[in-house]
Amino acid sequence: MKRILSIFLLLLPALGLGAQDRSSSAFGLDPGDREAVAEFRKRMDSIKVHRPTVALVLSGGGAKGAATVGALKYMEQYDFPVDMVVGTSVGGLLGGMYAMGYSVDYLEDLIKHMDWDLALSDKVDRSYIPYQRIRYKERFVLSFPFYYSKKDFLDMFNSEVSYAGGDDGRLHLSADNAHAVNMVKNNLLSSLPSGMVYGQNVNQIFSSRSIGYSGKRSFFDFPIPFACVATDLVSGKAKVWREGDINLALRSTMSIPGLFAPVKTHGMVLVDGGMRNNFPVDIARDMGADIVIGIDLSTASKDARGINNLADIVWQGIDMFSTDSFQRNIESVDVRIHPDMQGYGMLDFNPVAIDTMLVRGYKAAAEMKEQLDAVRRWVGDEGMKYNKKKAVDIGIEPVLIDRIRFVGVGEKEATYLKSKMNVKEGRLVNRDILQDDIARIFGRGSYDYVNYEFVGDQEPYELKIICKRGPVHRLGVGFRIDSEELVSVLLNVGLNANAMRGSALHMTGKVGVNPYLDFHFSYDTPKIPTLNASADLRWTDRNNFISVFKTNSFNSTG
């Protein structure tokens, strides 16, 4: 039910996209796009003196991206000079890594051996979760976080609304201001899940592999110039990423509605780019491409028998909103590699499906041999060249950091978190030790997600850890069935239960034959052991009600 609700809520805003102008979703949404693209075209013009420019365009398709890797595998023998890579969704993810210098063999190994069940979730190993959270999950089968702290909500609200303009773009609170009332309503609505997954684990796929190209920079300065597409639900237009934070760009371009929560940045609410432009040939043309080789993972339009599950519904909706741009781009591509994807969907990440799609992609590229031979003759003898050194994968090559900086937390909390980390400033860092620290921080339950990136062009790097606070309170519901009480219901309200430090109050009640109400107060600070106090109210039978306060209510635990 939660998944259905998430998809329904996310697709509602997207329905408005159908009423938008379906003109080319090329550059132009951002004020600086045209100037940057004009400058890039000058670079392409200098290449055209010697040969035609070549673009690689990769479509979206989720797990079907394995076929893209298979097609690239076949194309390796041609050693084409690729002057730009443009992608959407999984095409953006694979294209971004390819543009950062990763080989096809590397991408094949990644897509075959990645634990996709884990990657497409926010789960962490049980060993990273505090005992209190584990016990809570055992008692309460349903848990609903709600209400951000006032400061966190205002920071979040103002950062997202300022892009939209009006007044000074900020939320004002005062006793006689209607915004004060709206804060409560908006806060509660903001606490509702906007997707099944925030992207805690999938973010780390590229954040640990983009070292040297993280931070705010032009994607045109990658080893191969790169651009990718997301969809802005606010404007109803495509957001073409050509600069900024590469990790944020890759996360947004593959933000499948209903599966991943949207990416909110600079007033935009970004979801999968396939909703506006799933095969962005037009963007490659805007960037100055003479020859476009496209890998298209689309399948034939489904009839009623082909739309059977949630994945079918979501992907059919994505295809429906981008139909016009897709048709134009199909007509504009020079070499269209179109693997047979019948029988496979965007969530078919099982090993057998991956292997089959790799083979189908390779076969589809081989079937275009005549056209690829023609391109090879057209561009001459020049082969692939990288403009810069490739990105670093810290799973293979540890890197040196000189500073750790936290974003999204206060100074005291940052100092506390840093003291608990195994990663230290002035030392080498690899993926295992860093992701161990990140999982430990995330496992406490205080943040919606905890990501990281390495800032800088070379060693030593600055390690930036981004924490997004989640709602501080939670509501839990549990059930108990036994021979004595038959069925009873447990209800829990935890005030400040998800806060990293400070005071918290838990109120638990049981509705059944022998109802009770428990109160538990705790105060947690790094300097002293955690302080706890508890009290309870219980019925001794159905006719008499007494209040009993435990004599050992106050205790101290480390």
Side-chain angles (χ1 to χ4, degrees), residues 6-30 33 57-62 64-65 86-96 160 163-164 194-199 202-203 219 226-284 286 296-298 310-311 313-329 346:
S6 298
I7 293 175
F8 178 72
L9 291 173
L10 273 173
L11 287 183
L12 274 179
L15 293 176
L17 298 178
Q20 301 289 339
D21 174 29
R22 292 181 181 270
S23 60
S24 171
S25 58
F27 290 98
L29 183 60
D30 294 333
D33 277 346
V57 175
L58 309 179
S59 82
K64 294 185 289 184
V86 185
T88 295
S89 194
V90 72
L93 172 59
L94 295 172
E160 293 171 1
Y163 177 87
S194 54
M196 295 297 294
V197 178
Y198 277 102
V202 75
N203 265 300
F219 300 169
F226 173 67
C228 65
V229 185
T231 300
D232 178 20
L233 293 179
V234 175
S235 67
K237 298 179 181 179
K239 159 63 180 174
V240 182
W241 287 94
R242 50 93 185 168
E243 67 173 0
D245 185 340
I246 183 60
N247 298 327
L248 197 66
L250 297 182
R251 167 67 178 81
S252 67
T253 189
M254 59 175 292
S255 185
I256 301 170
L259 176 59
F260 290 109
V263 172
K264 296 185 177 183
T265 179
H266 294 90
M268 295 177 288
V269 180
L270 301 176
V271 296
D272 195 289
M275 298 190 74
R276 290 304 291 161
N277 195 341
N278 201 38
F279 193 43
V281 175
D282 53 344
I283 294 173
D286 268 9
D296 168 27
L297 304 179
S298 65
L310 291 174
I313 294 171
V314 171
W315 203 253
Q316 185 72 5
I318 290 175
D319 287 343
M320 182 173 61
F321 293 125
S322 62
T323 297
D324 290 352
S325 65
F326 178 77
Q327 284 302 128
R328 288 194 298 269
N329 286 326
M346 66 176 183

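For the numbers below, each heavy atom of this structure counts, side chains included, while hydrogens, waters and symmetry mates do not. Numbers here are sequence positions counted from 1. Given the structure is predicted, the values throughout are model-derived calculations rather than measurements.
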Side-chain heavy atoms of [X] within contact of [Y], under 4.5 Å:
{"X": "Leu270", "Y": "Pro262", "value": "no"}
{"X": "Asn203", "Y": "Tyr198", "value": "no"}
{"X": "Val263", "Y": "Arg251", "value": "yes"}
{"X": "Phe279", "Y": "Ser298", "value": "no"}

Looking at every non-hydrogen atom in both residues, tell me the closest pair between [X] and [Y] and how far apart they are.
{"X": "Gly92", "Y": "Thr253", "result": "CA-CG2, 4.2 Å"}
{"X": "Met275", "Y": "Pro257", "result": "SD-CG, 3.7 Å"}
{"X": "Val57", "Y": "Ala284", "result": "CG2-CB, 3.8 Å"}

Atom pair [atom1]/[atom2] of [X] and [Y] - distance to nearest 0.5 Å:
{"X": "Lys239", "Y": "His266", "atom1": "NZ", "atom2": "NE2", "result": "8.5 Å"}
{"X": "Asn278", "Y": "Leu58", "atom1": "CG", "atom2": "CG", "result": "11.0 Å"}
{"X": "Lys237", "Y": "Asp232", "atom1": "NZ", "atom2": "CG", "result": "9.5 Å"}
{"X": "Cys228", "Y": "Met254", "atom1": "SG", "atom2": "CE", "result": "11.5 Å"}
{"X": "Ser89", "Y": "Asp272", "atom1": "OG", "atom2": "CG", "result": "3.5 Å"}
{"X": "Thr88", "Y": "Leu93", "atom1": "OG1", "atom2": "CG", "result": "12.0 Å"}

inquiry  = Is the ring pair Phe219/Trp241 parallel, tilted or perpendicular, if the boundaries are 30 and 60 degrees?
reply    =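 Taking Trp241 first and then Phe219, their aromatic rings lie parallel (interplane angle under 30°).
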inquiry  = Under a 3.5 Å distance rule, please check whether Lys64 uses its side chain to pair with a backbone N or O of Leu297 as donor and acceptor.
reply    =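 Judged by distance alone, yes, a pair lies under 3.5 Å.
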query = Checking side-chain contact (heavy atoms from CB on, under 4.5 Å) for the pair Asp282/Arg328: CA distance, chi angles, key distance, verdict?
reply = CA-CA 8 Å; Asp282 53 344; Arg328 288 194 298 269; 5.9 Å; no
Modelled atom types, side-chain donor and acceptor of Asn277 and Asn329, under 3.5 Å = yes
